[in-house]
Amino acid sequence: EDGWTVEEGALVRKGRGGDLWTAKPYGDFILELEFLTTGNSGILFRKPDPAKVAKDRLEIQIITPSKAPTKHTCGSLYDCLAASKELCRKDEWNHLRLTSANNRVQVELNGETVLDANLEEWTEAGKNPDGSKNKFGQPLREFARKGYIGLQDHGKEVHYRNLRIKPLTSE
């Protein structure tokens, strides 16, 4: 994909290149990777069709650190649930482990669990369990449980390395 290059063993988004997707969809999985970012990116997952622009996928936010966690800070389930702590390290490599299994989405950032979401709790379109709004036109509980995994191009330089996907079920 244009805009993505390989430098010193890392996948780097430098120029406008679009999101980068796996060749096949995954059901339940564990994704481990390291990232270094100057701004905004994300790990997209459970996307039924990468060619469609619809808001029908989940995202774990990858972004430079902030003072306090929100639904838009590093390790959060974007627009839906804030990470419990801000553990992203600026100008350093960060290790992230995403477990996506049935109705659970869990994130470990730099060795600590920062997110444990039960998607069954999202029962209304455009609304989070705490009553706040989100951008999704359907409840997260209705999202596909299998889909493509992507690295988001959000206009900033981001580096990913040591990416490993371990399926938890036979595909």
Side-chain angles (χ1 to χ4, degrees), residues 1-4 11-13 16-35 37 39-64 69-83 88 94 96-109 113-130 132-160 163-169 171:
E1 186 78 40
D2 289 341
W4 291 90
L11 192 56
V12 182
R13 184 253 170 238
R16 204 76 183 140
D19 302 332
L20 207 60
W21 296 98
T22 55
K24 68 175 192 167
Y26 290 85
D28 296 346
F29 64 88
I30 296 172
L31 170 67
E32 288 196 64
L33 56 77
E34 292 174 286
F35 69 89
T37 187
N40 193 347
S41 184
I43 300 167
L44 312 173
F45 61 108
R46 294 188 175 176
K47 176 73 173 162
D49 183 353
K52 293 187 179 173
V53 181
K55 294 176 184 167
D56 59 353
R57 53 48 178 180
L58 300 173
E59 175 185 348
I60 300 303
Q61 181 71 22
I62 301 294
I63 197 164
T64 52
T70 71
K71 293 179 187 104
H72 301 112
T73 54
C74 196
S76 296
L77 182 58
Y78 185 80
D79 215 30
C80 297
L81 184 63
C88 186
N94 294 273
L96 187 137
R97 177 183 169 117
L98 165 63
T99 303
S100 176
N102 194 14
N103 62 320
R104 303 300 286 206
V105 174
Q106 297 170 312
V107 174
E108 290 177 25
L109 186 56
T113 299
V114 296
L115 185 91
D116 187 359
N118 179 353
L119 300 180
E120 292 299 317
E121 295 175 3
W122 277 262
T123 59
E124 290 183 58
K127 198 172 195 180
N128 295 316
D130 66 2
S132 62
K133 293 182 179 181
N134 67 44
K135 67 179 183 174
F136 300 104
Q138 70 184 49
L140 298 192
R141 73 184 302 167
E142 295 176 11
F143 275 41
R145 300 296 165 115
K146 183 176 183 175
Y148 293 84
I149 301 169
L151 302 177
Q152 185 183 47
D153 173 356
H154 210 290
K156 295 292 183 183
E157 184 174 320
V158 62
H159 301 240
Y160 291 100
L163 289 93
R164 294 175 304 280
I165 300 170
K166 177 184 175 184
L168 296 176
T169 54
E171 298 296 315

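Remember, predicted model here, so these are calculated numbers, not experimental data. We use all heavy atoms of the structure for the numbers below, so side chains are in, but hydrogens, waters and symmetry mates are not.
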Please examine the side chains of [Y] and [X], heavy atoms only from C-beta on, and report whether any two atoms are closer than 4.5 Å.
| X | Y | answer |
| --- | --- | --- |
| D56 | D49 | no |
| L119 | L58 | yes |
| I60 | L31 | no |
| Y160 | I62 | yes |

Output yes when a side-chain donor or acceptor of [X] lies under 3.5 Å from a complementary backbone atom of [Y], and no otherwise.
| X | Y | answer |
| --- | --- | --- |
| D130 | S132 | yes |
| N118 | R104 | no |
| R145 | N102 | yes |

Legend entry - Plane angle bin for F45 and F29 - parallel if under 30°, tilted between 30 and 60°, otherwise perpendicular: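 It falls in the perpendicular class, over 60°.
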
Legend entry - Proximity of H72 and Y78 rings by center, below 6.0 Å: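 Centroid separation for H72 and Y78: below 6.0 Å.
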
Legend entry - Nearest heavy atoms of A54 and K47, plus distance in Å: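 So the two residues come closest at O-NZ, 2.9 Å.
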
Legend entry - Residues R13 and S41: side-chain donor-acceptor under 3.5 angstrom: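 S41 and R13 do not have a side-chain donor-acceptor pair below 3.5 Å.
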
Inset, instruction - Would you kindly say whether N40 and Q61 are connected by a side-chain donor-acceptor distance under 3.5 Å? - result: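 Yes, because at least one side-chain N or O of N40 sits under 3.5 Å from a partner of the opposite role on Q61.
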
Inset, instruction - Apply side-chain contact (heavy atoms from CB on, under 4.5 Å) to I63 and T37, showing your working. - result: CA-CA 7 Å; I63 197 164; T37 187; 5.6 Å; no

Legend entry - Distance (rounded to the nearest 0.5 Å) between K71 NZ and L77 CG: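 If we round to the nearest 0.5 Å, K71:NZ and L77:CG are 10.5 Å apart.
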
Legend entry - Within 6.0 Å of NZ in K135, more than 12 heavy atoms from elsewhere: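 Yes.
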
Inset, instruction - Kindly indicate, with the supporting measurements, whether the criterion side-chain contact (heavy atoms from CB on, under 4.5 Å) is fulfilled by W122 and C80. - result: CA-CA 9 Å; W122 277 262; C80 297; 3.8 Å; yes

